[in-house]
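Report on the structure given below.
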Amino acid sequence: MITQVTKGIKVSVQTTFEGTFFKNYKMHYAFGYTITIENQSKNAVQLTARHWDILDSLKEAETVDGEGVIGKKPVIQPGKSHTYSSGCLLASPIGAMKGFYNMVNLSSSESFEVEIPTFKFSAPFALN
């Protein structure tokens, strides 16, 4: 598990290899990840947006921006956490993701970024 804390917000990431499949005559590698966002600060925060840099060892890096996470803009009270799972398809068995969340401190209305630490994807057979 990879963990990082930014301004009292702890982000932890766990990855899994989900398998391979063919799509459009090409092999794809499916990876899953579960992220827990824990509010260790004294104020309630809301996650409003996300930014991802997706790194694939066989392709150019891809950037993805969007609102919330999996269709939600969770409010996280002090001492509480929000956990969600998602996935990523790569053209190779090795890659990584990194990024940040846009958050709002609900007490001060201050916007700030929370780093998502770089987490790696690797199919078990790729590291032999």
Side-chain angles (χ1 to χ4, degrees):
M1 181 176 295
I2 305 294
T3 300
Q4 184 164 340
V5 179
T6 307
K7 295 188 178 183
I9 307 301
K10 179 180 177 182
V11 178
S12 302
V13 185
Q14 182 73 48
T15 63
T16 56
F17 175 63
E18 302 293 331
T20 60
F21 66 95
F22 280 95
K23 179 179 176 185
N24 298 331
Y25 303 103
K26 295 180 184 174
M27 179 70 82
H28 288 74
Y29 301 84
F31 296 91
Y33 57 89
T34 298
I35 297 183
T36 299
I37 306 162
E38 182 182 347
N39 185 354
Q40 298 177 336
S41 75
K42 295 178 182 176
N43 299 302
V45 297
Q46 182 172 21
L47 190 158
T48 59
R50 70 193 182 290
H51 171 91
W52 287 115
D53 293 318
I54 304 169
L55 312 168
D56 186 324
S57 66
L58 294 178
K59 291 177 33 181
E60 296 275 329
E62 180 182 353
T63 298
V64 176
D65 291 296
E67 290 190 16
V69 289
I70 60 167
K72 298 179 182 176
K73 293 183 180 180
V75 172
I76 309 169
Q77 298 295 331
K80 301 293 182 183
S81 63
H82 177 77
T83 300
Y84 72 96
S85 295
S86 191
C88 181
L89 290 178
L90 299 180
S92 73
I94 297 173
M97 285 177 67
K98 63 180 180 176
F100 60 85
Y101 296 121
N102 288 3
M103 298 275 200
V104 175
N105 178 322
L106 296 179
S107 296
S108 67
S109 298
E110 172 195 355
S111 294
F112 62 100
E113 290 181 359
V114 172
E115 293 266 342
I116 304 166
T118 301
F119 53 97
K120 298 177 182 176
F121 297 123
S122 59
F125 59 83
L127 298 178
N128 287 336

For S86 and Y33: C-alpha separation, side-chain torsions, deciding distance, then whether side chain to side chain contact (heavy atoms under 4.5 Å, CB included) applies.
CA-CA 6 Å; S86 191; Y33 57 89; 3.5 Å; yes

Is there a donor-acceptor contact under 3.5 Å from the side chain of [X] to the main chain of [Y]?
{"X": "R50", "Y": "Y101", "result": "no"}
{"X": "S57", "Y": "I94", "result": "yes"}
{"X": "N43", "Y": "S107", "result": "no"}

Non-hydrogen side-chain atoms of [X] and [Y] separated by less than 4.5 Å:
{"X": "I37", "Y": "M103", "result": "yes"}
{"X": "F31", "Y": "T15", "result": "no"}
{"X": "V64", "Y": "I54", "result": "yes"}
{"X": "H51", "Y": "T63", "result": "yes"}
{"X": "L89", "Y": "F21", "result": "yes"}
{"X": "S111", "Y": "N102", "result": "no"}

Check [X] against [Y] and note the closest heavy-atom contact, atom names and distance.
{"X": "S41", "Y": "N39", "answer": "OG-OD1, 2.6 Å"}
{"X": "S122", "Y": "F17", "answer": "O-CB, 4.4 Å"}
{"X": "I70", "Y": "S85", "answer": "CG2-O, 4.0 Å"}
{"X": "E18", "Y": "G32", "answer": "CG-N, 3.6 Å"}
{"X": "F112", "Y": "V104", "answer": "CE2-C, 4.1 Å"}

Shared hydrophobic cluster, F100 / L47 (ILVMFWY, side-chain heavy atoms < 4.5 Å)
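No; L47 is not reachable from F100 via cluster members.
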
Answer yes if the side chains of S92 and D56 hold a donor-acceptor pair under 3.5 Å, and no otherwise.
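A donor-acceptor contact under 3.5 Å links the two side chains.
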
Between Q14 and T16, is there a side-chain donor-acceptor contact under 3.5 Å, judged purely by atom types and distance?
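The criterion, which ignores hydrogens and geometry beyond distance, is not satisfied for Q14 and T16.
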
With sequence neighbours excluded, what pairs up with Y29 under the ring pair (Phe, Tyr, Trp, His ring centres under 6.0 Å) test?
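Once residues adjacent in sequence are excluded, Y29 has no partner under the ring pair (Phe, Tyr, Trp, His ring centres under 6.0 Å) criterion.
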
Interatomic distance, [X] atom [atom1] to [Y] atom [atom2] [nearest 0.5 angstrom]:
{"X": "I116", "Y": "K98", "atom1": "CD1", "atom2": "NZ", "result": "11.5 Å"}
{"X": "I9", "Y": "Q4", "atom1": "CD1", "atom2": "CD", "result": "12.5 Å"}
{"X": "L55", "Y": "K120", "atom1": "CG", "atom2": "NZ", "result": "10.5 Å"}
{"X": "K26", "Y": "L58", "atom1": "NZ", "atom2": "CG", "result": "11.0 Å"}
{"X": "I2", "Y": "F119", "atom1": "CD1", "atom2": "CZ", "result": "9.5 Å"}
{"X": "I76", "Y": "Q40", "atom1": "CD1", "atom2": "CD", "result": "11.5 Å"}

Can you check side chain to side chain contact (heavy atoms under 4.5 Å, CB included) on T3 and K10, steps first, answer last?
CA-CA 7 Å; T3 300; K10 179 180 177 182; 3.3 Å; yes

Salt bridge (charged side-chain N to carboxylate O under 4.0 Å, His left out) contacts in which one or both residues fall within residues 60-82, not counting sequence neighbours:
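Sorted pair list: E67-K73.
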
When H82 is tested against each of V45, V69, V75 for side chain to side chain contact (heavy atoms under 4.5 Å, CB included), which residue passes?
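With H82 as partner, V45, V69, V75 yield a single side chain to side chain contact (heavy atoms under 4.5 Å, CB included), made by V69.
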
Apply side chain to side chain contact (heavy atoms under 4.5 Å, CB included) to residues E113 and T6 and explain how you reach the verdict.
CA-CA 8 Å; E113 290 181 359; T6 307; over 6 Å; no

Given the rule in the side chain to side chain contact (heavy atoms under 4.5 Å, CB included) test, do H28 and F22 qualify, once you have shown the distances and angles that lead to the verdict?
CA-CA 6 Å; H28 288 74; F22 280 95; over 6 Å; no

